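Quick notes on the structure that follows.
Please read these numbers as outputs of a predicted model, since none were measured by experiment. Every chain is numbered from 1, with letters handed out A, B, ... down the list of sequences. Any value given below was found using the heavy atoms of this structure, including those in side chains, with hydrogens, waters and symmetry copies removed.
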Amino acid sequence: MTAFGPLLYNSVSHKVEPLPGGDVGLYVCGVTPYDTSHLGHAFTYVVFDVLVRYLRFLGRRVTYVQNVTDIDDDVLLRANKTGRDWKELGDEEYAGFRQQMSRLGNLDPDVAPRATDHMPEIQQIVERLIDKDVAYENKHSVYFDVKKDPKFGRLFNHSYDSMLQIANERGNFPADPLKRDPLDFVLWQGQKDGEPAWDSPWGPGRPGWHIECSAMAMKYLGETITIHGGGEDLVFPHHDAEIAQSENYTGVLFVHHWLHAAMVYCGEHKMSKSLGNMVFVRELIDDSSPDAVRLHLLSHHYREPWDQPLDAGVPTVELAAKLSRSLADAGDPSDAELERYRGAFLDAMANDLDTPAAIAEIERLSGSEEPAARRAAKALGQRVLGLTFAA
RNA sequence: GGCGACGUAGCCAAGUGGUUAAGGCAGGGGUUUGCAAAACCCUGAUCGCGGGUUCGAAUCCCGCCGUCGCCUCCA
């Protein structure tokens, strides 16, 4: 095995870098389950599914962890609004999410940990951050003291004002009187009326957003993980908060390689639950096929934002049908055949997961007169891109 | 600040390692013409700057400078 793997863009260095060799620990931020998953979610998780498949195809051992933040402001808010039990709502939405990801052909993560199952791990980190004087307790809540970490925000790499502005748009409460600095983020929040709570050294309460990912990532993948991924909207404050919590906790590098999937827009705005401008995965699959949707998603490079207008449908229906016609009956290639035809495909994948180019290569091979080329195309498409080519 | 493009003659612009770097417009000179116009002929580049790789760089790599675009409520 080579010492270095494929080239992947690293959000923290802003450069395309070779992935370190050896076993890969991959942590991908999962969903907060309070609403139906849309095409933007599907894009992110299909991208990381392809990454997992690709690395395993190269012979790398990958441990894929994708969490679910099942206790969070949004879940409680939605449950409250609809008069439902927060746990029941979360379980239901999460089950729906997983079902749709499976329908799309995504492999199950090796571990799918829930925030609510990791209170001891979360509290242990919070305790040590207080001991190290980078966090402070105030009236049963605990906050991370951003001024104590001069490197805070190095992933986002923006000014203090910009950080505060973005954080405020994404769940930060700058006016919280218990905070020393408006940018400080909550590690543990004391129980409010009617909210679920867990016992802690600071009284009953629940974890803040961010800390659950540090706890679960380190529990399952160790103090330094190979790849941490998620949607690009998680760069700040979520991922920078994770870095701050984890590295102040361990004293060592938290993540080698940060990977972020670009946002899918819908008309003028980012597709989002709160704006309601969503294109649903379920409907798109029903209107076409899992392969067609997957091809549609992967025909966009993962770092390139793109637009899915409402009612635009799936433009890759014809491509999916064409590939299915030429590959459905193809058998398995021999090792020699696969080796002979995989070059351009693997080159594309090694070039920062250039799935549009990889798909073009599958299409080219599928049109070949050589049965062996078609067999190779089918194997690559199935094993690396997660397509089925089912008739 | 970040990301992505791009910087080739006055202007627009081709060119993605290999003879003297296309072409168009404008400008200058000329032929033709009673004059003018039109047409035709002639005329122009240390390829943003500085390094590097190479036998060889507009072309590839690094760093600057400059221009433009994007940066949209937890995926």
How would you label the contact of [X] with the nucleic acid (heavy atoms, under 4.0 Å): base, sugar-phosphate, or nothing?
X	result
Y302(A)	nothing
V264(A)	base
D74(A)	base
G230(A)	sugar-phosphate
F43(A)	nothing

Could you state the [atom1]-[atom2] distance from [X] to [N], rounded to the nearest angstrom?
X	N	atom1	atom2	value
R170(A)	rC74(B)	CZ	C1'	7 Å
W258(A)	rA75(B)	CH2	P	15 Å
Q100(A)	rA75(B)	CD	P	15 Å
L39(A)	rA75(B)	CG	P	14 Å
M101(A)	rA75(B)	CE	C1'	10 Å
R98(A)	rA75(B)	CZ	C1'	15 Å
E232(A)	rC70(B)	CD	P	16 Å
W306(A)	rG4(B)	CH2	C1'	19 Å

Nucleotide paired to [N] in any strand shown, Watson-Crick or G-U, under 3.5 Å:
N	answer
rG63(B)	rC49(B)
rA39(B)	rU31(B)
rU19(B)	none
rG2(B)	rC70(B)
rA26(B)	none

[N] to [M] separation - [atom1] atoms, rounded to the nearest Å:
N	M	atom1	result
rG24(B)	rU46(B)	C1'	24 Å
rG17(B)	rC60(B)	P	8 Å
rC64(B)	rU54(B)	P	23 Å
rA22(B)	rA38(B)	C1'	26 Å
rC41(B)	rC11(B)	P	26 Å
rA9(B)	rG63(B)	C1'	28 Å
rG34(B)	rG44(B)	C1'	34 Å

Under the 3.5 Å rule, do the base of rC74(B) and the side chain of D233(A) count as making a donor-acceptor pair?
no

Please confirm whether R180(A) makes a cation-pi placement over Y136(A), using NZ or CZ under 6.0 Å from the six-membered ring centre and within 45° of the ring normal.
yes

Between [options], which nucleotide gets closest to the side-chain atoms of [X]?
X	options	value
V31(A)	rG4(B), rC74(B), rA75(B)	rA75(B)
Y9(A)	rC74(B), rC3(B), rU72(B)	rC3(B)
Y45(A)	rC73(B), rC74(B), rA75(B)	rA75(B)
M263(A)	rC74(B), rA75(B), rC73(B)	rA75(B)

Around atom CG of D332(A), are there more than 12 heavy atoms from other residues, nucleotides or ligands closer than 6.0 Å?
no

Can you say whether the rings of H239(A) and H260(A) are parallel (under 30°), tilted (30 to 60°) or perpendicular (over 60°)?
tilted

Using 30° and 60° as the class boundaries, would you call the ring planes of W209(A) and H238(A) parallel, tilted or perpendicular?
parallel

Planes under 30° and centres closer than 5.5 Å, is that true for W209(A) with the base of rC74(B)?
no

Start at the 5' end of RNA chain B and walk down; is the nucleotide closest to S13(A) or to E169(A) reached first?
S13(A)

Remaining members of the apolar cluster that contains F173(A), side-chain heavy atoms under 4.5 Å
none

